[in-house]
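Lettering of chains follows the sequences in order, A, B, ..., and the numbering in each one begins at 1.
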There are 2 protein chains.
Amino acid sequence: MKDVAKAAGVSPTTVSHALNGKGVVRQETADRIAQVAARIGYRPSPIAQGLQSSRLGLLALVIRPLRSLDTFLPEGVDYFLRMAGAASLAAMERGYSMMLVDDPTRPGAPMSATAADAYIVSEPFENDPVLTMLSERHIPFVSVGSDPARPGRFVELATRDWEETVLALDHLAGAGAERVALLTGTDQNAWNRESEAAYRDWCARRGQEPDIAAFPEADGERIGPAAIERFFGSPDATRPDGLFCLTGRHAAGLNAAARERGIRVPEDLLLAAGSGALQNRISHPSVTTLDLHPEGIAARAVEVAVQLAEGAELTVPLEVPRATLDIRESTTR
Amino acid sequence: MKDVAKAAGVSPTTVSHALNGKGVVRQETADRIAQVAARIGYRPSPIAQGLQSSRLGLLALVIRPLRSLDTFLPEGVDYFLRMAGAASLAAMERGYSMMLVDDPTRPGAPMSATAADAYIVSEPFENDPVLTMLSERHIPFVSVGSDPARPGRFVELATRDWEETVLALDHLAGAGAERVALLTGTDQNAWNRESEAAYRDWCARRGQEPDIAAFPEADGERIGPAAIERFFGSPDATRPDGLFCLTGRHAAGLNAAARERGIRVPEDLLLAAGSGALQNRISHPSVTTLDLHPEGIAARAVEVAVQLAEGAELTVPLEVPRATLDIRESTTR
DNA sequence: CTGAAAGCGCTTACAG
DNA sequence: CTGAAAGCGCTTACAG
């Protein structure tokens, strides 16, 4: 910038004013400066510009369960892909860029990992160090779903795990299931916790014995055979005729494994999933899933993040949009 | 930092040294400083830190065709999702964050949109203003596929559009197609251009009349009926019995529309796509697609971007990995 | 309408 | 082992 000023025969102040349209600069001067800047190949430093406000116009999305999954953005995990995409778009629309960050607390993390104006942390783990770090450094953030060990302690978008579970379970019962089992994940997050609690409560109210198995999220479809064995390896009397499977990929694996085992969906087993993957929509039979509307969640989270970044009053409802049930063949007898 | 220095009774220099493990600081002093910093809630500014090096450890991915598509990260466009995910992971592994940027040349673009150390621009348009801007500002970037109007002008990862097209066309012919038509997109990028040129050349060598239709990428599966009408609305003699469809979503729409029209795939029509979507894998019949290995492309692009950002010698082969053909029911008679 | 000066929050030779 | 000083590349009151 000094070079431009020198070459144009003005002060850096004037260059700054001219190039940013601030202050008052005569049109001719401004034009001349623009010309010189272009000729010299002047490249403003966004970092230096950001130094004053200590803001970069950057948001970060930390999707915690990603580390549990086998690939970073695994195909078929509609939820996170749609969330990341929608979050990026929503950020752009509000004049921010969106950064995908792995884990800013990791030792080798790049400078940029902590450079965002605000963070969105999706599905934090129990006592999540990412939340701890952000909070210690007074970096604004919103979590989607609470830290199970510290609910309500930070700004969070409340999820509707409980009501969503009941929605799915009631649907299964309404479709004719008498004994509904639960297939959950092993991640220590609010979704798994709350859903299980809601399921237990639902069973208690119906006077049914809970039947729960947990398989690692990371194993995806591969859990199919093992899960079938777990639920259908025992004598007929205790077998479920309905199954609520939290993740779409687990449901897809189970759906395929059931078929191979000669268990007919939906005739013998009513199957519903708590989150959808494309697979569930186009499998045979197709699988009923909750649509959590990750785009809506992302949009809301971005809105909150922007307000936090700008130190504005929070005017956004701090809860995720209501999920809907996409009823498909697996629960239609 | 000044506050920490004051509170610890040392100079800012020492604080800096202690906190970053540079220079030489007595262990006790360092410990004391760390304590004070923690107590005060000191939060280092990555922006100020980056000011010296003018580097943030930030890479940016600009996926140009995204603007043509109906949603930002549309489901079923495996290619870009896999690319974005893999690029993020690859960046993390090399100590960088990855930012998804819409269009840094847009007037309202945030500061951060130009703050990356290096850019990856996927499938630039003709005379792409993004490339122009980056090049004018001397910001390092690598493009995946060349700007059709300026091939070889910038650092670019050469794509293999020509050989991939021939691979698919030869496969169709080998599977029994006598008259192969081409269904391309309307975006002005190298992929569409080169593929069409390769197709024309291939036809010329076989003495076949080219039969080409272009539909907007943005219309996705919806082009099905119109595309079928275009190719099969005319008298039998000129109808194709093989079709190479550049995008997976177009192929999925066409596949479904053919079925409705009573055109049997693969019996009446051999169908292959130039890029895959999950739909193509699990549709009935499943559709043969090229797998462009977006993960491999992303990994290589990130490698180049990192070397550019660090001013290192480019040691990466400047071409994308070879595509493979996933042969499925649509070309298996 | 333009510019000198201070400052944003750090790092880094260099001197002690 | 520690600190004073200059500087990274800008912006922003403020004075003229």
**Prompt:** Okay, side chain of A/Glu136, backbone of B/Ala38: is any donor-acceptor separation there less than 3.5 Å?
**Reply:** no
**Complete:** Counting primed atoms, P, OP1 and OP2 as sugar-phosphate and everything else as base, the B/S/- map of nucleotides 7-16 of chain D against protein heavy atoms under 4.0 Å is BBBBBBB---
**Charged N-O contact under 4.0 Å between A/Arg150 and A/Glu126** = no
**Prompt:** C/dT2 P sits how many Å from A/Leu19 CG, rounded?
**Reply:** 14 Å
**Message:** Defining pairs by Watson-Crick or G-U wobble geometry with both distances under 3.5 Å, how would you list the stems of DNA chain C with at least three pairs each?
**Reply:** C:1-3 with D:14-16, C:5-12 with D:5-12, C:14-16 with D:1-3
**Prompt:** Ion pair present between B/Arg64 and B/Asp128, side-chain N to carboxylate O less than 4.0 angstrom?
**Reply:** yes
**Message:** Considering every strand and a 4.0 Å limit on heavy-atom distances, what is the contact class for A/Val24: base, sugar-phosphate, or nothing?
**Reply:** base
**Prompt:** Can you find a pair of side-chain heavy atoms, one from B/Leu314 and one from B/Val316, that are under 4.5 Å apart?
**Reply:** no
**Item:** Sidechain-backbone polar pair: A/Asp147 side chain, A/Asn127 backbone, donor-acceptor under 3.5 Å
**Value:** yes
**Item:** Set of side-chain contact (heavy atoms from CB on, under 4.5 Å) partners for B/Ser135, sequence neighbours left out
**Value:** B/Phe141, B/Phe154
**Message:** Any base atoms under 4.0 Å from A/Ser53, or only sugar-phosphate, or nothing? Heavy atoms, all strands.
**Reply:** nothing
**Request:** Would you check if the side chain of B/Ser45 reaches a backbone N or O of B/Ala48 as a donor-acceptor pair within less than 3.5 Å?
**Result:** yes
**Message:** If you only use heavy atoms from C-beta on, which nucleotide in C/dG3, D/dG3, D/dC1 is closest to the side chain of B/Thr14?
**Reply:** D/dG3
